[in-house]
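I have placed the structure first, in the form of structure tokens, so that the comments after it can refer back to it.
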Amino acid sequence: MNGKKKGMPVAMELCERPHTVEADPVRVIAEQMVVPEGSNVEILGGRIYVSAAPMHVLIAHEIMEQLMERFSGTDRCPTTAGAAVGVDIRKGDFVIPDVVLTTRSALHVDRPMLPVADVEFVVEVVSKGSVEKDVEILPTLYAEWGMPIYLLVDPRAVLWRLS
């Protein structure tokens, strides 16, 4: 693991995320944050969210495995590889859903994130640090963005909700 001890905080790099012409102060802070290894950092409405936990990752991976089996041999492609999604891939809010269903064709385009138009659905798994974001903010945001399907999995309540 690049000489780092497991569980040690690592510097966060957002170099592959879209950059605006002006320095966005929230983006600058996010780029300078030290976060636990394996964590995701998202910016929504001027707030920085950091999330991921082993159970969280396991649930997302199991969903992705089911989708991979279902769409094997097609252009449809699920991913948990930290694919960022936004309406305008150069500016504004973006999220990194736990699972994204898009197409292989869309993933082959060299760009910093996927436009919502190229995403069939997203899955978010609630964790302690993401309850407000996943349960209150993202359903509204995804609806505004025109996301066809948003699956919310809340392991605290053994709840799956499809919006």
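As the structure is a prediction and not an experimental result, all values here were calculated from the model.
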TODO: Quickly, which of Asp98, Val57, Leu151 forms a side-chain contact (heavy atoms from CB on, under 4.5 Å) with Val125? Name it, please.
DONE: Asp98
Task: Check: Thr74 side chain, Phe71 main-chain N or O, donor-acceptor pair, under 3.5 Å - done: yes
Task: Side-chain donor or acceptor of Asp154 paired with backbone N/O of Val126 under 3.5 Å - done: no
Open item on the list: Under the rule for side-chain contact (heavy atoms from CB on, under 4.5 Å), what residues qualify as partners of Glu132, not counting sequence neighbours?
Closed with: Arg47, Tyr49, Glu136, Ile137
Open item on the list: Between Pro155 and Ile59, is there a side-chain heavy-atom distance shorter than 4.5 Å?
Closed with: yes
Please list, one pair per line, the donor and acceptor atoms closer than 3.5 Å that link side chains of residues 113-124 to other protein atoms, with sequence neighbours excluded.
unit_1: Asp118; atom_1: OD2; unit_2: Arg111; atom_2: NH1; d: 3.2
unit_1: Asp118; atom_1: OD2; unit_2: Arg111; atom_2: NH2; d: 2.6
unit_1: Glu120; atom_1: OE1; unit_2: Arg76; atom_2: NE; d: 3.0
unit_1: Glu120; atom_1: OE1; unit_2: Arg76; atom_2: NH2; d: 3.2
unit_1: Glu120; atom_1: OE2; unit_2: Arg76; atom_2: NH2; d: 2.2
unit_1: Glu124; atom_1: OE2; unit_2: Tyr142; atom_2: OH; d: 2.9

Open item on the list: Just so I know, are the side chains of Pro78 and Val100 near enough to count as touching, which here means a heavy-atom distance under 4.5 Å?
Closed with: no
- [ ] To the nearest 0.5 Å, tell me how far Trp145 CH2 sits from Phe94 CZ.
- [x] 9.0 Å
Open item on the list: The criterion is side chain to side chain donor-acceptor pair (under 3.5 Å); which residues satisfy it with Glu65, sequence neighbours excluded?
Closed with: His61
Open item on the list: Minimum heavy-atom separation for Ala83 and Pro97, please, with both atom names.
Closed with: O-CD, 3.4 Å
Task: Any side-chain heavy-atom pair of Val85 and Ile96 under 4.5 Å - done: no
TODO: Taking the side chain as every heavy atom from C-beta outward, state whether Ser105 and Asp75 have any pair of such atoms under 4.5 Å apart.
DONE: yes
Open item on the list: Return the CD1 to CZ distance between Ile48 and Arg27, rounded to the nearest 0.5 Å.
Closed with: 10.0 Å
Task: Test log, rule side-chain contact (heavy atoms from CB on, under 4.5 Å), inputs Cys77 and Leu107 - done: CA-CA 8 Å; Cys77 183; Leu107 290 172; 3.7 Å; yes
- [ ] State the CD1-CE distance between Ile63 and Met68, to the nearest 0.5 angstrom.
- [x] 14.0 Å
TODO: Report the residues that fulfil side-chain contact (heavy atoms from CB on, under 4.5 Å) with Arg70, sequence neighbours left out, ordered by chain and then residue number.
DONE: none
TODO: Locate the shortest heavy-atom distance separating Pro112 from Ala84; write the atom from each residue and the value.
DONE: O-CB, 4.4 Å
Task: Val95 vs Ile43, side-chain contact (heavy atoms from CB on, under 4.5 Å): CA-CA, chis, key distance, verdict - done: CA-CA 7 Å; Val95 296; Ile43 300 172; over 6 Å; no
Open item on the list: Tell me the closest heavy-atom pair linking Ala60 and Val99, and the distance in Å.
Closed with: O-CG2, 3.4 Å
